[in-house]
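Below is one structure, written out as structure tokens, with a few remarks after it.
Per chain, numbering begins at 1; letters A, B, ... match sequence-line order.
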Amino acid sequence: MSLGAYVGRRLLHLVPIALGVTILCFFLIHLVPGDPARTILGNQATDQRVALLRHQWGLDRPLPVQYGKFMGRVVHGDLGTSLFYGVSAGRLVLQRLPVTLWLIGFGALLSVLIAVPLAVIAATHRDRLPDHVVRAVPLVGLGFPPFWVGIVLLLVFGLHLGRGFPVGGYGNGFTGHLHSMFLPALTVAFGISPILVRSLRASLLEVLESDYVVTARSKGLPERRVLGRHALRNAVISTVSVLGVNIGYLVGGTLVIEQVYALPGVGQLMINSINQRDFPIVQGVTLVFSVMVVLVYLLTDVAHALLDPRVRFE
Amino acid sequence: MSRPLLRVEGLRVEFNLARGVLRAVDGASFDVQPGEALGIVGESGSGKTMALRALVGLLPRTARIASGTVEIDGVDVTAAGEDERRELRGRTVAMIFQEPKTALNPVMRVGEQIAETPLVRLGLSRRAARTRALDLMRLVGIPDPTRRVEAYPHELSGGMRQRVMIAIALSADPKLILCDEPTTALDVTIQDQILKLLGALQRDLGVSLVFVSHDLAVIAQTCTKVAVMYAGQVVETGTVDAVFREPRHPYTLGLLRSVPDFDMVREHLSSIPGSPPDLASPPAGCRFHPRCPFVQDDCRGAPIPLIELGGVRATRCLYHERCAEDVRREPVIAGA
Amino acid sequence: MAVAAEVVAEAQLVEHRRGFRRRWYRTPSFVAGVSILGMIVLAAAAAPLITQHNPTDQDLLHTLAGPSSSHWLGTDDLGRDVWSRLVYGARTDLRVAFLAVLFPFAIGTLLGLLSGYYGRWIDVLTNWLVNVVVAFPFYVLIIALVFALGPGTRSIYIAITLVGWVSYARIIRGEVLVAKRRDYVLAAKAGGLSDARILFRHLLPNVVTQAIVFAMSDIVLDILAIVTLGYLGLGVQPPTPDWGRMIADGQTFLTTHWELSTIPGVAIVITALGLSLLADGLADLLRPE
């Protein structure tokens, strides 16, 4: 099967999931207790305004019609109009997306840079001290609330240790972003690395016991080459899948972390909109985030197919 | 006799398990002369594979060589450091494994895998290593090598994969190739092709072989000398001709009598009663005694040493004469 | 006939049921986890006995005070006793987390059992639902749900249930797929036992251990979600003390009183560690050899 056909088939698998995602996002409004329009606008709003909003959002129509209208808007990229800013919610999200994508990408990169060496050290020192230490990482690390890690890093690196890093903002230009996003990205990495370390260590141990690693050793290759060319290359395949599966956790973490570091990203937009009871934005951001995750799943499948030649032949 | 290429003396391999020490190999001794092919035969679990792996320091993580000496091409492997052992691997000693499907790296092109030893160990250029890979693929009879060099292992058949393994083993001109049941995972017709190929390579290149198998027919076809292993011990050695014609150990006799497709005259097939012992607590005395038809009281006492029978023949049976008598009554091989 | 089959199946069941293979006290992570968690639960339960102040009482004359014999960990910006708030916060957050894990556990286990055992449309439907929920980032969906439902503990339970059941369904479904081909299930089927009896008497006890082990680490995730919601002002509502809210309140005074935000965080980390150790030890104990 060619890579194109493979991607096509994976895309087809994602269609029902994407459909379900829109249904769930649509139903968010109907989870609002009582009269959604009244609850969202608050008690001070006039009955007239409430009725207008109810009509605007089509809440007075039957559910299937409402969903049809919602879908019609969504496929055209229309996420509704912000109640607070009065402009297109989609535009607001799009404006802030680069910051969030930066944070996710930088965070994922840092997490790999942290996880790979740790897992290699653990796997090559199995059941000895370095391994025990590394095995404690996920045990301890998973219990750190991402926002609190952000606050502590801010406290240590931003306020005390020479104030080396900005305590908020996005910075200008590539190096500016790199500099001011370092602490937020490190916080993101802190959340996801434990999971990566655990799975990469496990798959490395499995690979190191495999027959083809014995073959590589029987060639008399230096241990470094056995590890780098034969073991790691195979272990990374399953780790890419683990990173893909956990991308949701990573993406969700950015939401709170943006809040801690005052980064003008999509997550901060969502939190601000929650405080302003700006429903269309919250709904839109939720949809955008989940579409992002679905796309990452697709990307993971493609990466998997590129890394593992066996996949496309199944 | 010239200096042997491989000399193994009193080799012991132990596994440390939760329930105690398991002696997978317990005092194995054999040697291989340059250009010779030695067969090691035994049931699964008899320690033959572990003995083979121990020779080049490729034991599993939980196993270790407890005692004994292994000398390859004049180098004492057991006394040597890991660097010296690594130096031997690939260039002096190469290995071929039972399951080519798992023994080849699934995400590396086969050409890359064949060219790796020449590239890293012989210091060839990328180009020269690739040319060498193509030459080797031709040598082991892989058709259309310029196309197959780009293939991944899963794109090849089992027989082709094993040919790739053989090409890898040959890639740095080793003096000795250790074969661990190289045909067990293959179809019968392919088995024969691979055995013929190994035989031809041994003849033409003058490389020595150690051939581990549970299949007596395979050993008979490829080897000149044989060591029979049972429960971690070598119980009988000799030339293939002598051992198969006139076994001097009841275990060998039992093995020969239980082979159905050996060309022989025989009234009935018999199998050895019972099963091999637990290696964590082997029986005292002769390890075969619970299953032996000729067992006597003194078989149950002290461990039985290898008894020299002249030449390269030896047996670990006190009553080996009885085997000889039994074979005289009912030969195991046609025309004997 | 059916009775005989039942007896046979029951006998085989005993063999297959996974029990503790090792003594629990020989598993260090289990012992450590139980000790840490036990101490925290004990402190939370005995909160009125080990604190001198009401956690919500304000003392505006003694705000942001350092540790003293009266206020062991000092006071916050409203003069409330930090130690009291910490201990009562443990009460709130642990109770909510333990309760929150029950609903997804029950619903996920049931759906996993049904989809694994019957397959067909119920399996297709469950899988689709699982995939849809998994497509949402955990925190995003929880926050969106709690926002829609309105802040407070009731919303937390609903949100965690809607999001959390998928993991249990996945685990149980996988276990059932393996277990239903085992002899004891086949024997029970051949004996003509009802599906309900096979499901709940024979399958459930065998597959549920994996879900229990997961529940331990799931509580960690739930605690993090609860304090995150608290931090964002969407969780447990004031004046009830909550660790997340304490961290948020303290953040304003980070430059001068860094301990206000750090102390509750350390409490969260230690609680989570206890639970992780417990989960780890439990997995060790229940692992078939």
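- Here A/Arg277 is the residue among A/Met292, A/Gln283, A/Arg277 with the most heavy-atom pairs under 4.5 Å with chain C.
- At a heavy-atom separation below 4.5 angstrom, chain A is approached by C/Phe147, C/Ala148, C/Leu149 within residues 147-161 of chain C.
- Interface residue A/Met270: only side-chain heavy atoms are found under 4.5 Å from chain C.
- Other residues, nucleotides and ligands contribute at most 12 non-hydrogen atoms within 6.0 Å of the CD atom of A/Glu206.
- Counting non-hydrogen atoms of other residues, nucleotides and ligands closer than 6.0 Å to CE of A/Met71 gives a total above 12.
- At a heavy-atom cut-off of under 4.5 Å, chain A is reached by C/Tyr231, C/Leu232, C/Leu234 from residues 229-241 of chain C, listed in order of number.
- C/Val266 touches chain A through backbone and side chain together, each having a heavy atom under 4.5 Å away.
- For a residue to count as touching a neighbouring chain, one of its non-hydrogen atoms must lie under 4.5 Å from one of that chain's; by this rule A/Leu255 touches chain C with the side chain only.
- A/Leu155 contributes atom CG, which lies 10.5 Å from atom CD of C/Gln251 (distance to the nearest 0.5 angstrom).
- A distance of 5.0 Å separates CG of C/Leu224 from OH of A/Tyr249, quoted to the nearest 0.5 Å.
- Both the backbone and the side chain of A/Leu139 come within contact range of chain C, judged by heavy atoms closer than 4.5 Å.
- Interface check for chain C: of the options A/Leu24, A/Leu287, A/Val291, the most heavy-atom pairs under 4.5 Å are formed by A/Leu24.
- With a 4.5 Å cut-off on non-hydrogen atoms, C/Val220 touches chain A through its side chain but not through its backbone.
- Contact annotation for residues 119-136 of chain C against chain A (heavy-atom separation below 4.5 Å, listed by residue number): C/Trp128, C/Asn131, C/Val132, C/Val134, C/Ala135, C/Phe136.
- Within the 4.5 angstrom heavy-atom criterion, only side-chain atoms of A/Val152, from C-beta onward, approach chain C.
- In this structure, chain C has no heavy atom under 4.5 Å from any part of A/Pro36.
- For a residue to count as touching a neighbouring chain, one of its non-hydrogen atoms must lie under 4.5 Å from one of that chain's; by this rule A/Phe147 touches chain C with the side chain only.
- A/Trp148 places no side-chain N or O within 3.5 Å of a backbone atom of C/Ile268 that could act as its donor or acceptor partner.
- Note on C/Pro137, C/Ser29, C/Ala272: by heavy-atom pairs under 4.5 Å with chain A, the leading option is C/Pro137.
- By number of non-hydrogen pairs under 4.5 angstrom with chain C, the leading residue of A/Thr254, A/Val251, A/Ile151 is A/Ile151.
- When heavy atoms are compared at a cutoff of 4.5 Å, C/Leu221 approaches chain A solely by way of its side chain, counted from C-beta outward.
- Among C/Ile142, C/Thr262, C/Leu145, the residue with the largest count of heavy-atom pairs under 4.5 Å with chain A is C/Thr262.
- Scanning all heavy atoms of the two residues, the minimum distance from A/Gly252 to C/Tyr139 falls at O-CB, 3.6 Å.
- Contacts of C/Thr92 classified as side chain to side chain donor-acceptor pair (under 3.5 Å), with partners at least two apart in sequence or in another chain: none.
- Of the atoms belonging to A/Val282, it is side-chain heavy atoms, and not backbone ones, that fall under 4.5 Å from chain C.
- With respect to chain C, the highest number of heavy-atom pairs below 4.5 Å among A/Val285, A/Val294, A/Val256 belongs to A/Val256.
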